[in-house]
Q: 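I have a structure here, written as structure tokens, and I will follow up with some questions on it.
Keep in mind that what you see is a predicted model, and the values were worked out from it rather than measured.
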Amino acid sequence: MQNGCAGAIASCAAAAVERWNPILKEKKRKKKRVIPGFGLSLGIVTAMLGLIVVIPLCTLVIFSAQLSFPEFISTVTRPRVLSSYAVSFRTAFVAAVIDAVMGTILAWVLVRYEFPGKEIMNGIIELPFALPTAVAGISLTHLTTTNGWVGSIFYRLFGIQIAYTTIGITVALVFIGIPFVVRSVQPVLESLDPQFEEAANILGANGRQTLWHVILPEIFPSLIAGFTTSFARGLGEYGSVVFIAGNTPYKTEIAPLMIMSELQEYDYASATSIALVMLLAAFAILFINAVVQSRASRIVSGIA
């Protein structure tokens, strides 16, 4: 009897081992890493971040520290500097709003429709990433002057001058910022199942209700990410804006141009002080982006 029980226990144990052996092997296989271990990987990442990001940013603080605090405040609050901040923030915000709307429409067309030349259009979206900003600025300036193809039409019919105004700056910022929105929203739309829209239609929802209650909540976090990255890029853009802006003090002079002007006069402390303000603004934008995205994701998860 004891031998029979022992044999049954042994057979059960063998069966359990045979059953769990593939699972254990799979776990061991998953533990293997293609890249080096955590310690080495963390060291490489920390070193790269230190060399590429932290050290250059620290130089801003070091050079700005050459000024006393009253001198720093006086430098970054000069009327001309404040005007350049206003131009940069206003045009970058308006351009980011336009990018958010038009970029979402472009992403929707690229995902939901098939048409000749779709792949070409999909590639052209990334052209602002590859095109040198100076080339983009010169091209946009020639197009939007009062003698250009586009600018002459607006000036003759509506009396609107595009180049050398804040409108021209906004046009340039829309050009360089729209890929951020498209590439942020496009993957989310691709993963969104059209059956949700069909279910909403079956339940009696019209197109506007489907857009606001089904589609928009899903793409809202990625839309916010695209908007904020476009906004941040617009704040620091120089090459594509400096040609079309006209650079008129107190009217079309942007903050990056003020930094370059101080550098040309070898006033590194003033240049880095203005740059430090722009850096703090960029950090604030990224922080707000993270908070909004986190809350939006929680709301979407709660709805789902």
Side-chain angles (χ1 to χ4, degrees), residues 56-57 59-64 66-67 71-99 128-129 131-146 148 150-151 160-180 228-286:
L57 295 183
T59 58
L60 294 179
V61 180
I62 293 172
F63 277 104
S64 300
Q66 296 177 1
L67 300 175
E71 291 174 338
F72 173 82
I73 297 298
S74 176
T75 299
V76 300
T77 57
R78 294 196 307 249
R80 188 173 175 181
V81 176
L82 292 178
S83 176
S84 68
Y85 291 152
V87 172
S88 293
F89 277 90
R90 184 172 64 252
T91 54
F93 181 80
V94 173
V97 172
I98 297 173
D99 286 336
F129 289 153
L131 191 68
T133 56
V135 175
I138 294 172
S139 302
L140 291 172
T141 303
H142 282 294
L143 282 174
T144 56
T145 58
T146 54
V150 178
I160 298 175
Q161 182 178 350
I162 298 178
Y164 313 128
T165 65
T166 54
I167 299 175
I169 298 175
T170 305
V171 170
L173 295 182
V174 168
F175 174 79
I176 59 99
I178 199 166
F180 292 98
T228 52
T229 51
S230 175
F231 183 34
R233 172 65 189 275
L235 284 179
E237 181 61 23
Y238 175 77
S240 61
V241 176
V242 68
F243 296 100
I244 199 172
N247 307 322
T248 305
Y250 301 100
K251 291 183 179 180
T252 60
E253 198 171 40
I254 58 174
L257 180 63
M258 288 298 303
I259 297 173
M260 291 299 300
S261 300
E262 298 294 345
L263 289 175
Q264 290 174 356
E265 296 176 3
Y266 302 100
D267 190 354
Y268 298 113
S270 297
T272 53
S273 297
I274 300 172
L276 183 60
V277 173
M278 300 299 291
L279 175 64
L280 295 176
F283 275 132
I285 293 170
L286 294 177

Q: Going by heavy atoms in the side chains, are L235 and F231 under 4.5 Å from each other?
A: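 L235 reaches F231 side chain to side chain.
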Q: Could you check if a side-chain atom of T145 sits within less than 4.5 angstrom of a side-chain atom of Y164, using non-hydrogen atoms only?
A: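 Of all side-chain heavy-atom pairs linking Y164 with T145, at least one is under 4.5 Å.
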Q: With a 4.5 Å heavy-atom cut-off, do S230 and I178 have their side chains touching?
A: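 They are not in side-chain contact.
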Q: Could you walk me through whether I259 and Y238 pass side-chain contact (heavy atoms from CB on, under 4.5 Å), step by step?
A: CA-CA 10 Å; I259 297 173; Y238 175 77; over 6 Å; no
Q: With the side chain counted from C-beta on, respond yes when S84 and Y250 share a heavy-atom pair under 4.5 Å apart, and no when they do not.
A: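 The answer is no, as the side chains (C-beta and beyond) never meet within the 4.5 Å cut-off.
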Q: Checking the side chain of S88 only, and the main-chain atoms of A255 only, is there a donor and an acceptor separated by less than 3.5 Å?
A: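 Yes, S88 side chain to A255 backbone: donor-acceptor pair under 3.5 Å.
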Q: Without swapping roles, check the side chain of T272 against the backbone of A269 for a donor-acceptor pair under 3.5 Å.
A: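 Between the backbone of A269 and the side chain of T272 there is a qualifying donor-acceptor contact (under 3.5 Å).
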Q: Working to the nearest 0.5 angstrom, can you tell me the gap between S270 OG and F72 CZ?
A: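 Rounded to the nearest 0.5 Å, the OG-CZ separation comes to 10.5 Å.
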Q: Check for a donor-acceptor pair, side chain of T165 on one end and backbone N or O of I162 on the other, with a separation under 3.5 Å.
A: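 Confirmed, T165 side chain pairs with I162 backbone.
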Q: Roughly how far, to the nearest 0.5 Å, is the OG1 atom of T133 from the CD1 atom of I138?
A: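 It comes to 9.5 Å.
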Q: Is a salt bridge present between R78 and E262, judged by a nitrogen-to-oxygen distance below 4.0 Å?
A: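 Counted as a salt bridge, because a side-chain N and a carboxylate O are separated by less than 4.0 Å.
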Q: Indicate the atoms forming the closest heavy-atom contact of L131 with A136, along with that distance.
A: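 Looking at all heavy atoms of both residues, the shortest contact is CD2-CB, 3.9 Å.
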Q: Show the atom names and distances, to 0.1 Å, of all donor-acceptor pairs under 3.5 Å that link a side chain in residues 240-248 to residues at least two apart or in another chain.
A:
unit_1	atom_1	unit_2	atom_2	d
S240	OG	E237	OE2	2.8
N247	ND2	V242	O	3.1

Q: Any sub-3.5 Å donor-acceptor pair from S74's side-chain atoms to E71's backbone N or O?
A: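 The answer is no, because no donor-acceptor pair under 3.5 Å joins these two groups.
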Q: If you look at every heavy atom in P179 and P128, which pair is closest and at what distance?
A: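 In terms of heavy atoms, the two residues are closest at CG-CG, 3.7 Å.
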Q: Answer whether the closest heavy-atom distance between the side chains of I169 and V87 falls below 4.5 Å.
A: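 Counting from C-beta outward, I169 and V87 do come under 4.5 Å.
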Q: Are side-chain heavy atoms of F175 and L140 found at a separation under 4.5 Å?
A: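 SC-SC contact between F175 and L140 confirmed.
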Q: Using ring-ring contact (aromatic ring centres under 6.0 Å, His included), reason through F129 and F180 one step at a time and then give a plain yes or no.
A: CA-CA 10 Å; F129 289 153; F180 292 98; 5.2 Å; yes
Q: Do other residues, nucleotides or ligands put more than 12 heavy atoms under 6.0 Å from the OH atom of Y266?
A: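 Atom OH in Y266 is not crowded, with 12 or fewer foreign heavy atoms closer than 6.0 Å.
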Q: What's the spacing between T229 OG1 and D99 CG if we round to 0.5 Å?
A: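 One finds 9.0 Å between OG1 of T229 and CG of D99.
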Q: Tell me the closest heavy-atom pair linking R80 and P249, and the distance in Å.
A: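 Answer, listing the atom of R80 first, then P249: NH2-CG, 3.8 Å.
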Q: Kindly indicate whether the side chain of Y85, heavy atoms from C-beta on, has any atom under 4.5 Å from the side chain of I274.
A: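 When only atoms from C-beta onward are counted, I274 and Y85 do touch, with a gap below 4.5 Å.
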Q: Checking T170 side chain against T166 main chain: does a donor-acceptor pair fall under 3.5 Å?
A: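 The answer is yes, because a donor-acceptor pair under 3.5 Å joins these two groups.
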Q: Which atom pair, heavy atoms only, marks the closest approach of I176 to R233?
A: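 Closest approach of I176 to R233, heavy atoms only: CD1-CG, 3.4 Å.
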Q: Might you confirm whether atom CZ of F93 has over 12 heavy atoms from other residues, nucleotides or ligands at distances under 6.0 Å?
A: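 Result for CZ/F93: open.
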Q: How far apart are the closest heavy atoms of A271 and L263, and which atoms are they?
A: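 Closest heavy-atom pair between A271 and L263: CB-CD2, 3.6 Å.
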